[in-house]
Amino acid sequence: MKKFSTLLSPAIPLVQENVDTDQIIPARFLKATSREGFGEHLFKDWRFDEQGYPKSDFILNNPEYSGSILVAGENFGCGSSREHAAWALVDYGFKAVVSSYFADIFKGNALNNYLLPVQVSPSNLKELLAEIQSNPMILIEINLEAQLLRVPEIGIQEHFEINPYKKTCLINGYDDIDFLLSQKEKISAFELNHIEF
Amino acid sequence: MGKTLFEKVWDNHIVDTVDGGQEILFIDRHFIHEVTSPQAFDGIRKRGIGLYDKNRIVATADHNVPTKDQHLPIKDELSRLQVDMLTHNCEEYNIDLYGLGHKNQGIVHVIGPELGVTKPGMTIVCGDSHTSTHGAFGAVAFGIGTSQVEQVMASQCLLVQRPKTMRIIIDGELGNGIYSKDIILYIISKLSTSGGTGHFVEYAGSAIRSLSMEARMTICNMSIEMGARGGMIAPDETTFEYIKGREYAPSEQKWEEALAYWSTLYTDEDAVFDKEYVFNAEDIEPMITYGTNPGMGMGITQYIPTTQEVERPDNLLQSLQYMGLTPGASLLNTPIDHVFIGSCTNSRIEDLRIVADYVRGKKKADNVQAIIVPGSKQVEAQAKAEGLHDILFEAGFELRGPGCSACLGMNEDKIPKMEYCVSTSNRNYEGRQGPGARTLLVSPLTAAVIAVEGKVVDPRKYLNEESHA
């Protein structure tokens, strides 16, 4: 079972705002019936040209940048509910996405796949993006237990929010289904008195 | 303090509240389709558990299906595999499936309401963000990811954080040639693609009350395009009239009882919303999008913003470069290559009637390829029975079988690179309708007028006296 603890890694800066799930994983690659293998199609049309060659101006193709943290512009993950977007990011090797705002469904999907969405203030996001662009090897520390994002080198430290239940799930590596299955008696009792037409 | 419509329905489905304020929400109906369900079935099998209640699940194949020659095996191997896997899974778990070839097959958000499965006061989910459509009936309906599809299969519940509430009031009367699609594109252009994030929206006001169920569905459908968790409209006579007599409507014996309950589903006068917006219907023009997200829309006679008018000029320029458009320009007279009428937003019988009404006796422009894709087999059958197919065929439209079609570039229907498509669908993201495709979102009437003129025009200038909005 996957778990999430502390992460210390350089990051990849994706400055675009409103990155939608059709960019993260275009619909034509949603035909697989397993959760694996979506990483090769991550950001497909930004990453590769029509012949399948890497586009040199896209950040994931720039060898200067590496790491398991994606730092992206505001409103990351808007659009479709496709969990394939979270699967693609995880399969590619990302463990956390940092932005100033996440779309709801994406955020839920990410948490269900042990991909940590870290929401920071717009001003810190701006600074982070600029710093990473000028110093690609700068290390970012994400401590889930303490709910802290830190970049000691430039003095950024920000507390981030996460639902306490989801935090426990991530740290211990269990999921909502394990929990809901343990509540079956309560659910059946509820259903007995539930009115529906 | 009174409750909002959303709170009444939501609270009625709370099984329990757990640590951290998450709630266990009971789900009445679960729609599934071929794209977001296979991994969930797989998960159920791996855990060695069964479905909580197969009778609460309704399945259809829509995203991957071809819209031509639907009687033949699907040519694309991966699409065929995915559709076959849905059939196999539904057989194994004994789930009702309206698959390819079934008389009830169609886009999941079209068939739910037309079969009467969707009803007021319900909680409805589906692994598809446009599940918000069903909110038009006063249901709490929202899209979920595949892990959550698995949760609902396993427990009939979701563990969720209660969203905030928002009310958007549209008062007044819509002008001639203005439709519900224009209302929702207008709202999203004002609130932006993230303006509704974290909120469940109720649409209210005299302009909303006057809309048909089809028109209300179009509005709720696009709630997700402003980031909202869902959208809903209080049920009324229009709603009850629509549901009555449908396959899964309450029986005659239960009808009065159902009505009595449904009639309690409205926002109390003293209820409080976290956010509220009020707009005037008279301010709404026929809308069109110019950019690469649904918030980048404007009245069709307006001008694309200049770099001085926006917060992030780099994002605007990137978007316009993709679209082949210029800041500050008008879209009027831009030549169009494709017109697509379809999708879970605008493929219902009323949409087809609006288009057929306008193109009757006219021809589409030579430079335009126009396809019209009904939302379901039932819509297709009704359009044929009403003679709409003949009108559309004679006007040069290509008539297809039901499915998601060119809305999302997943099946055979794609828009070629750099070509302009005026579309009644819901998303204009880069590559949404095919790699490099350039999408302009509009209402069905605007699409019909543009198909005939071959370029972007103001539809109001082409309405004759016998056309009524």
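Within every chain, numbering begins at 1; the chains are lettered A, B, ... in the order of the sequence lines, protein sequences first and strands thereafter.
The shortest side-chain heavy-atom distance between B:Thr193 and A:Asn75 falls under the 4.5 Å cut-off.
Ranked by heavy-atom pairs under 4.5 Å with chain A, the list B:Arg312, B:Gln148, B:Gln161, B:Gln318 is led by B:Arg312.
With a threshold of 4.5 angstrom between heavy atoms, B:Tyr261 approaches chain A through side-chain atoms but not through N, CA, C or O. Residue B:Arg80 does not touch chain A at all, counting heavy-atom pairs closer than 4.5 Å. Neither the backbone nor the side chain of B:Val149 comes within contact range of chain A, judged by heavy atoms closer than 4.5 Å. Residue contact with chain B, scored on non-hydrogen atoms closer than 4.5 Å, involves the side chain of A:Phe179 exclusively. Heavy atoms of B:Asp76 lying under 4.5 Å from chain A belong exclusively to its side chain. Residue contact with chain A, scored on non-hydrogen atoms closer than 4.5 Å, involves the side chain of B:Ile49 exclusively. For B:Ile24, the part lying near chain A is the side chain, with the backbone staying farther off; criterion is any non-hydrogen pair under 4.5 Å.
Scanning residues 181-197 of chain A against chain B with a 4.5 Å non-hydrogen threshold yields A:Leu181, A:Gln183, A:Lys184, A:Lys186, A:Ile187, A:Ser188, A:Phe190, A:Glu191, A:His194, A:Glu196, A:Phe197, sorted by number.
Counting only N and O atoms by type, the side chains of A:Trp87 and B:Gln39 include no donor and acceptor under 3.5 Å apart.
Applying the side chain to side chain donor-acceptor pair (under 3.5 Å) definition to pairs two or more places apart or across chains, those involving residues 93-109 of chain A are A:Glu74-A:Ser100.
Here the side chain of B:Gln82 pairs no donor or acceptor atom with the backbone of A:Thr33 at under 3.5 angstrom.
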